[in-house]
Amino acid sequence: TFFKLNYSGKKGGEKACIVLYDVIDRQKKYDEKKIKKQVGEIINACSFSIIKNRLFHLILDTLRSYYPGTLPGFSVQQMIEKAKILQEKQLAEPAWKLIRKAKQSALINELFPEALQTLKMERKIIEFLDSEIYEKLIARNLEEEKSVIEKHNNLTGYAHLQSKMFTIYRANIVARNKRVIAFFKKMLKHPLLQNESAALSFGAKYHFYIIKSDCCRYLGDLKKSYEHVQKLIALFESVPMLSHKIIMYLNTLQQKVGIQSLRGKLNDSMQSIRKIRDIGKSYPQFAKIIPPNLPFRSAMIETDLCLRIPDYETGVAQIPRIEAELKKIGNVLPKHIEYTLYNNIALLYFGTKDYHKALDWINKLLNENKDEYALDLICGARILFLIIHIELGNDDLLEYAAQSTHRYLTTRKRKYKVEGIFLDLLKILLNPHRKKDLPKIYPQMLVKFKKLKDDPYEKGAFEFFDYISWLESKI
């Protein structure tokens with residue numbers, strides 16, 4: 001690895017760090033007791049924490065030297081530090097050249113806090129320059145600082161709006177109650193979202209279109225949601241791609257695929273998925289900073305698409321590859337990717353009637369969820385858990401599981417009409433005296449579900465399970 005190349009052949013503390021690094025690297029899951037046993041002869045107990053802390057900082061130093069060419073924030077900070085040294089040595093001219101270069105890089109990459117640092121440093125250096133141009137340089141510096149502060153505050157305003165949206169998204173992947181719908185309607189009326197001209201930087205424009213697209217998607221206006229994301233993609237394609245934009249571009253493509261599949265534009269979705277998959281080939285200069293979870297983003301979108309077509313066999317064929325990748329990366333996926341992927345895999349297996357494997361994956365999802373992230377998806381997964389047991393004929397287990405799910409939905413205020421109708425059906429299924437009535441009850445339930453399919457507060461439930469197709473298979 002890059003780390004070992006940097007520190008191999010070292011003596012003393014660094015050698016002990018290399019030994020510790022090798023032991024940790026061989027572990028699939030971090031186990032400090034086993035590590036201490038393996039390194040006991042080289043690292044005694046009293047110095048273990050010191051060596052571990054030293055290793056931590058050596059790895060950070062290595063990463064810092066690995067990334068400066070691709071993460072402009074690193075190189076800007078290094079230039080600022082070097083300019084400070086030159087200024088303290090009263091070498092004003094080289095310090096001036098370096099800090100201006102740092103400022104230019106910070107502004108191009110919209111690193112506004114770093115840009116403010118460079119402007120502050122500029123003022124210190126100006127004091128040592130020719131007095132004839134002092135007044136002109138200071139005036140220009142102060143104007144630039146005023147502009148940067150305005151852009152920084154503007155970008156922060158949009159970031160705050162997106163953070164507020166995320167607090168809703170954490171529990172509500174779809175809008176299913178009046179409070180959530182009211183939130184997005186109010187959000188669209190915010191002064192910062194009335195016109196693109198209010199966004200003063202590329203980053204602010206990114207937030208502007210993503211927020212508007214998300215709001216429209218939650219409110220069911222997929223046409224407008226798609227228009228906003230298309231405008232954002234056009235914006236990306238009108239300017240050079242820079243390192244700070246690549247993650248934003250990936251997020252935008254992912255947003256586009258989601259809306260395309262919701263609109264039934266399946267061929268267009270596949271084209272966008274290929275763009276996401278090939279992002280490293282399209283922009284090889286940013287390969288180091290493309291997130292390692294990219295294959296799972298792609299897998300999440302592709303499995304979702306297979307469910308919408310539906311093409312369960314094609315989706316299931318991808319699962320061994322996904323499992324192999326999951327073993328490599330370990331437990332570091334963002335929660336929304338991990339939970340959605342597990343749920344999609346369970347649904348794909350359900351679609352091919354492999355109920356035991358579907359149960360394995362839904363159990364994995366429910367066991368992983370400790371913080372109730374993506375609460376509506378978890379509620380949908382609990383319903384799917386019950387449906388799988390219906391298909392497996394596990395009536396003994398179902399009675400307790402149904403009571404547990406009812407409590408879970410009720411205490412979290414997630415028992416909407418769709419869930420209520422399903423739980424009513426489950427009561428009939430568990431009543432041995434009423435099972436004979438099922439041939440009549442299934443069509444009645446189907447009619448009820450079809451009526452709710454277009455209800456603005458209930459249609460979101462059908463994003464997590466196709467109740468209509470399932471009931472039709474029973475008739």
Interatomic spacing from [atom1] in [X] to [atom2] in [Y] - rounded to 0.5 Å:
X      : Y      : atom1 : atom2 : result
Leu253 : Met248 : CG    : CE    : 12.5 Å
Lys120 : Leu116 : NZ    : CG    : 10.5 Å
Leu341 : Thr303 : CG    : OG1   : 5.5 Å

Among residues at least two apart in sequence or on other chains, which ones pass ring pair (Phe, Tyr, Trp, His ring centres under 6.0 Å) with Phe385?
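With sequence neighbours excluded, Phe385 shows a ring pair (Phe, Tyr, Trp, His ring centres under 6.0 Å) to His389, given in chain and number order.
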I'd like to know if the side chain of [X] pairs up with that of [Y] as donor and acceptor (distance under 3.5 Å, no hydrogens or angles considered).
X      : Y      : answer
Glu302 : Ser298 : yes
Arg274 : Gln271 : no
Tyr134 : Glu127 : no
Asp268 : Gln260 : no
Gln285 : Tyr283 : no
Thr352 : Glu313 : no
Ser269 : Ser261 : no
Gln162 : Asp214 : no
Arg414 : Asn177 : no

Starting from the C-alpha separation in whole Å, work towards a yes-or-no answer on salt bridge (charged side-chain N to carboxylate O under 4.0 Å, His left out) for Lys275 and Glu237.
CA-CA 13 Å; Lys275 268 191 174 183; Glu237 291 174 352; 3.6 Å; yes
Should the pair [X]-[Y] be classified as a salt bridge under the 4.0 Å nitrogen-to-oxygen rule?
X      : Y      : answer
Glu463 : Arg308 : yes
Glu145 : Arg123 : yes
Lys103 : Glu114 : no

May I have all residue pairs that pass ring pair (Phe, Tyr, Trp, His ring centres under 6.0 Å) and include part of residues 138-174, sequence neighbours excluded?
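Pairs touching residues 138-174 that pass the test: none.
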Between Phe183 and Tyr218, is a ring-ring contact (aromatic ring centres under 6.0 Å, His included) present by the stated rule, with each step listed?
CA-CA 10 Å; Phe183 172 88; Tyr218 269 97; 8.7 Å; no
Could you tell me whether Arg412 sits above the aromatic face of Tyr408, with NZ or CZ closer than 6.0 angstrom to the six-membered ring centre and within 45 degrees of the axis?
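Here Arg412 passes the 6.0 Å and 45° test against Tyr408.
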Between Asp221 and Lys223, is there a side-chain heavy-atom distance shorter than 4.5 Å?
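Sidechains of Asp221 and Lys223: in contact.
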Hey, are the side chains of Leu305 and Val257 touching, using non-hydrogen atoms and a 4.5 Å cut-off?
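They are not in contact (no side-chain heavy atoms under 4.5 Å apart), so the answer is no.
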Step through it carefully: locate the ring centre of Tyr312, locate the ring centre of Phe350, and say whether they are under 6.0 Å apart.
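No, too far apart.
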